[in-house]
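I have placed the structure first, in the form of structure tokens, so that the comments after it can refer back to it.
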Amino acid sequence: MPTVDSEPLRVGMVGYAFMGAVHSQAWRTVNRAFDLPRQVSMVAVAGRDAAAVGAAASRLGWQEFTTDWRELVARDDIDLIDICTPGDSHAEIATAALAAGKHVLCEKPLANTVAEAEKMVSAASAARALGVRAMCGFNYRRVPAVTLMRDMVAAGRLGRIHHVRAAYLQDWIIDPDFPLVWRLQKEKAGSGALGDIGAHIVDLTQFVTGQQITGVSAMTKTFIPERPLAGHSTGLAGGTPNGDAARVRGPVTVDDAALFHARLSDGAIASYEATRFATGRRNAMRVEINGSRGSVAFDLERLNELEFYDGADPVTEQGFTRILVTEPTHPYMSAWWPTGHIIGYEHSFTHEMRDLVEAIATGTDPTPSFEDALAVQYVLDAVSRSADHNASWVDVEFAHEQATPAGA
Ligand SMILES: NC(=O)c1ccc[n+]([C@@H]2O[C@H](COP(=O)([O-])OP(=O)(O)OC[C@H]3O[C@@H](n4cnc5c(N)ncnc54)[C@H](O)[C@@H]3O)[C@@H](O)[C@H]2O)c1
């Protein structure tokens, strides 16, 4: 059972919409599910609108609220800043928090540009020397089936990796009258489908294979170049404006879809697709890896399962096996329900908070580190540059020495 009299870990969170709600749920749950050396205390949440952030604080379980994130950073009774805002504010909030000696959890993608991400890595590196920890929120690493997939690759069950095939497909902006929310504006989001969902499959495949993407050839496409202005709508819930609002349009300055192929550092070749225009695909992420001894496939819509093909099976019995990843011996699953009782999307965030709290308490570095997230940022940048030059080959600037070693 959780240790109730352990030292508190006092959290302040910035942003309270989609990720803010998901993170709040994870912070509320983590000590109930896992026995941890620190007890999370949800001290305060920051937003920009007093009424809205006040309502969010009571709905999501935060003791206090403020309309200025700088107040959270300045408080002595907060140990960790959790950043759940769009990418344009990540660098400023994270570097201020780290400089103030606060641990930081920052949502993905780490930043909107490589330059910002590099600054964040420098800040995290300086803070690390003082025992302050930083982590980026690539939560899909912590879906038990994905962690198991990584473990199987690391144990050599797939042999030498030849192919990585990854797609992250959504369809929420198919309607040309869907408004110009922040995710469609380069100055707010950095990029479109590429940074929002492409970043996830880049991180996930680098994590699972232990290989870095070394070069890419890419194309991107913006299918709807102008959209109705959005007012104050948030990310995935813009609603469709009507009347005059629908007639005033602004430019979409990011990609609607990104498609690229890549080489990996240990010889594999890979294909990636990230789009918000895959009609009928709401939030479909699929990754398949083929190696010399076997293959493994993950589908987010069946996140408790892994498909495994073992080339060592007798030919008469060969075929893809469905592994139900709910055994207490599977990653993270001993904290949850009896065998066969499945878990969901939100559990990956509880696992993220678990690993972060554990790392802080034990004085170790959590993963994905800001360096790992910078490695993703270099890939996103290479993809954009390749797409800008008619899909010509672009080598990825390397974060090898800094990123977490394979299998960590
Ligand atoms: N890990 C995942 O699977 C996942 C999923 C969705 C979003 N994200 C990431 O989480 C971050 C937030 O995305 P979201 O979907 O929650 O967006 P959202 O629009 O739902 O919420 C953004 C929140 O940030 C607040 N905000 C915006 N600018 C601010 C500022 N300057 N100061 C204070 N508050 C500010 C907004 O008021 C809102 O509460 C992004 O980086 C996004 O890429 C990650």
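Order of appearance sets the numbers: ligands from 1, and atoms from 1 within every ligand.
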Salt-bridge criterion met for Asp171 and Arg276 (N-O under 4.0 Å): no
Under 4.0 angstrom from ligand 1, any heavy atom of Phe138? no
Can you confirm whether more than 12 heavy atoms, excluding those of Asn390, are under 6.0 Å from its CG atom? no
Evaluate Asn139 for polar contact with ligand 1, using N/O atom pairs at a separation under 3.5 Å. yes
For the 3.5 Å polar cut-off, considering only N or O atoms, please tell me whether Ser89 and ligand 1 meet it. no
Heteroatom proximity flag, Met19 to ligand 1, N/O under 3.5 Å: yes
Numbering as shown, the atoms of ligand 1 that approach Tyr345 to under 4.0 Å (heavy-atom distance): 3 (O)
Check contact between Pro109 and ligand 1, using heavy atoms of the residue and a distance below 4.0 angstrom. yes
Under 4.0 angstrom from ligand 1, any heavy atom of Pro86? yes
Any ion pair linking Arg70 and Glu92 (charged N to carboxylate O, less than 4.0 Å)? yes
Here the atoms of ligand 1 under 4.0 Å from any heavy atom belonging to His90 are 41 (O)
Is it the case that ligand 1 has an N or O less than 3.5 angstrom from some N or O of Lys108? yes
